[in-house]
Trainee: 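Could you have a look at this structure, given as structure tokens, before my questions?
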Amino acid sequence: MAYKEIDSVLSPGNYYFSGNTAAAEGAIAAGCRYYAGYPITPSSEIMERISIRFPEVNGAFIQMEDEIASICSVIGASWAGAKAMTATSGPGFSLMQEAIGYAALTETPMVIMDVQRAGPGTGQATRVGSGDLMQAKWGSHGDYQPIALSPWSVQEMYDLSIEAFNLAEQYRTPVFLMADEAIGHLMERMDVKPGLRIYGRFKQADLPPFGMDQDDGVPPMPAFGEVQRLLVTGSTHNEWGIRKTDDGSIHAKLVERINNKVFNNREKIILTEELYLDDAEVVVVAYGFTARSAVFAIDQIREEGCRAGLLRLKTIWPFADHYIEKIGRSARCIFVPEMNRGQIKGEVMKYAGCEVASYNQTDGEIIHPETIIQELRRLF
Amino acid sequence: MARDLEQYLRPEVKSTPFCPGCGHGILMNLLLRAVDDLKIDMKNTVFVSGIGCAAWIPSPNFNADTLHTLHGRALAFATGVKVFNPKLNVMVVSGDGDLTSIGGNHLIHAARRNLDITVICANNMIYGMTGGQAASTSPLGALTATTARGNIYRPFDLCELVKGAGAAYVARYSVTQPVALMEALKEAFSIEAFSFVEVLSPCPTQFGRRNSYDSAVDMIKMLQGNCISREEAALLSGEELKDKIITGVFWNEKG
């Protein structure tokens, strides 16, 4: 039930990869050995890479009949003992939502990579967007706390893929890698270091697999075939998995625990990066590809004497509420550029306590640095 | 004999959840007898089910690993279990609505892949748990909560469907044919490929009371009268076959 150091699967060194290839390699490095998926642009290269690489690492790959089958078989494989994943884009992510709630309630570790495209609907399949973030938060019915990460480079497609598997195992919950088309198809250099830290699955047969005795609220998870009589159900259940659908107190306790085990540990989960926050009058809060443009823009505008800074969200959910509160106390204004109609701006407004400005672009193009520079000039 | 089967039931489960007259208890009994006869290792067996009355046959009753899943998706979950750990025996027990309507796509694709999974489909010809709505298996003319003037759409022939999709073994029996049904279950468990057994199971609570089978006995008598063997069916005309349910082994790859 702890981290251990292992050797990287790829030889240490530099690689010239696309983001999607890097994400697949990150999964393999993290110990993922089950993949089920269905083709969808712009995520398919992840599945294609896995299909080629899994035979070399003794992994089980299967192309399923649809995205619903993909995620359900991933949950089955996870209970059979696998670190398991699927990858998709918006329409497939929509189809997966019911099973995501099932995974949350049954506390099934798994990773879902969503290489976002311009929606809604079929939208623009080959173009970029980041409109699935609220879906990642609220997509399935009922209350649960998802973990969602946002990579901004090919390096992070690799690093945060590993982090996603570690978080999934540590908190026994589905974890989303919310990439976007621009990062998925971007090719750039990335480094593979010799060692990495991997979280192994916590197994202990005599403790209830849906219990609540652990300090962090995360019970152990044995696999099928290891101990007799594992009972897994998506209905309300007691600590041993027995269905208790007419006991309100058991339901309340279960829902509270699966929420709190993530929410109460959010300070440990949340990853951010900061730039010039010490003196920043206007702080850009950005994530994913847009944060690349933001860094360029901030450097530029600081040369003009405007004190701008950056908070980059590597973790989207749970939301970095305390970071925003802190910035709101020192900055005059927070600026949120997004490739959606303001999904994260709304969250920032909840906690900022200062003026919040935004720029929203949903034309299937990345937000260029010049656009952010123009918007920032308006704020100074 | 019956008490010998208690070892296959979870000690903490004291009663079955089924309505009086439901056929699922008979199926549960025959299924465990087949397990007992074949000395199947329950410690190495995973029972996967979907949502509905039949999904409660294994979960939580069977003293084995049980995976009670989403409506329609039992075979998708089972595929993940089997593909990642082929050493596990994987059996799917669920209902007709679950496996063949909402789960129909997964059923044909699982049959096509021909993984070593045994599927037992309890067919009560109606949605029982949700209150007796029409199913993709309801007979023409059947009265249900959503077909007050009679069902106007033809039911699936599940055995032909699954056979066409590529299963290795396909059989249909009624719980009123317990000896033949148990033999079919044993054959299905033994075959190391995709095997499918459709089991007609009476639902007096939802199907019977709407369709003039006023008691559990009347429903059982209807199945006894209508279920005929393939050999008997071969001697009947199209008109004579109208209300009949043909039972038997429809495909066995082993010959």
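Numbered from 1 within each chain, the chains take letters A, B, ... in sequence-line order.
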Trainee: Heavy atoms only, distances under 4.5 angstrom: which of Thr79(B), Val13(B), Leu75(B), Asp41(B) has the most pairs with chain A? Name it, please.
Mentor: Thr79(B)
Trainee: Considering only heavy atoms, which portion of Ala36(A) lies under 4.5 Å from any heavy atom of chain B: side chain, backbone, both, or neither?
Mentor: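 Looking at Ala36(A), nothing touches chain B.
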Trainee: Tell me which of these, Leu88(B), Val90(B), Asn85(B), has more heavy-atom pairs under 4.5 Å with chain A than the rest.
Mentor: Leu88(B)
Trainee: How close do Arg113(B) and Met64(A) get, counting heavy atoms only, and between which atoms?
Mentor: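 For Arg113(B) and Met64(A), the tightest heavy-atom pair comes out as NH2-CA, 3.4 Å.
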Trainee: For the residue pair Arg73(B) and Ile75(A), establish whether any side-chain heavy-atom pair is separated by less than 4.5 Å.
Mentor: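 Result no, sub-4.5 Å side-chain heavy-atom pair not found.
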Trainee: So, for Tyr102(A) and His68(B), which heavy atoms are closest and what is the spacing to 0.1 Å?
Mentor: OH-O, 2.7 Å
Trainee: Specify the closest pair of heavy atoms between Ile242(A) and Pro60(B), including all atoms of both residues, with the distance to one decimal.
Mentor: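 Shortest heavy-atom separation between Ile242(A) and Pro60(B) comes out as CD1-CB, 4.4 Å.
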Trainee: Which heavy-atom pair separates Gly80(B) from Tyr34(A) by the least distance, and what is that distance?
Mentor: CA-OH, 3.4 Å
Trainee: So Glu12(B) and Trp240(A), do their side chains get closer than 4.5 Å, heavy atoms only?
Mentor: no
Trainee: Just checking Phe189(B): does its CZ atom have more than 12 heavy atoms from other residues, nucleotides or ligands closer to it than 6.0 angstrom?
Mentor: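 For Phe189(B), atom CZ is crowded (more than 12 foreign heavy atoms under 6.0 Å).
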Trainee: Please classify the contact between Leu231(A) and chain B as side chain, backbone, both or neither, with a heavy-atom cut-off of under 4.5 Å.
Mentor: both
Trainee: If I measure from the heavy atoms of chain A, does Arg112(B) come under 4.5 Å with its side chain, its backbone, both, or neither?
Mentor: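 Contact with chain A: none, neither part.
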Trainee: Identify which of Ala80(A), Ala77(A), Gly241(A), Cys72(A) forms the greatest number of heavy-atom pairs closer than 4.5 Å to chain B.
Mentor: Cys72(A)
Trainee: To the nearest 0.5 Å, how far apart are CG in Leu115(B) and CD1 in Ile62(A)?
Mentor: 6.0 Å
Trainee: Tell me which one of Leu67(B), Val46(B), Val48(B), Asp65(B) satisfies side-chain contact (heavy atoms from CB on, under 4.5 Å) with Val232(A).
Mentor: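 The option that passes is Leu67(B).
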Trainee: Is any side-chain heavy atom of Val83(B) closer than 4.5 Å to a side-chain heavy atom of Ser73(A)?
Mentor: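 No, every pair of side-chain atoms sits at 4.5 Å or beyond.
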Trainee: Kindly compute the distance separating CZ (Phe224(A)) from OG1 (Thr66(B)), expressed to the nearest 0.5 Å.
Mentor: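 The CZ atom of Phe224(A) sits 7.5 Å away from the OG1 atom of Thr66(B).
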Trainee: Is the closest side-chain heavy-atom distance between His106(B) and Ile68(A) below 4.5 Å?
Mentor: yes
Trainee: Between chain A and each of Trp56(B), Phe62(B), Phe47(B), count heavy-atom pairs under 4.5 Å; write down the option with the most.
Mentor: Trp56(B)
Trainee: A quick test of your reading: do over 12 heavy atoms of other residues, nucleotides or ligands sit less than 6.0 Å from OH of Tyr38(A)?
Mentor: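 No.
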Trainee: Please say whether more than 12 non-hydrogen atoms of neighbouring residues, nucleotides or ligands are located less than 6.0 Å from NE2 in His109(B).
Mentor: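 Atom NE2 in His109(B) is crowded, with more than 12 foreign heavy atoms closer than 6.0 Å.
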Trainee: Given that the side chain runs from C-beta out, which part of Ala84(A) has a heavy atom under 4.5 Å from chain B: side chain, backbone, both or neither?
Mentor: neither
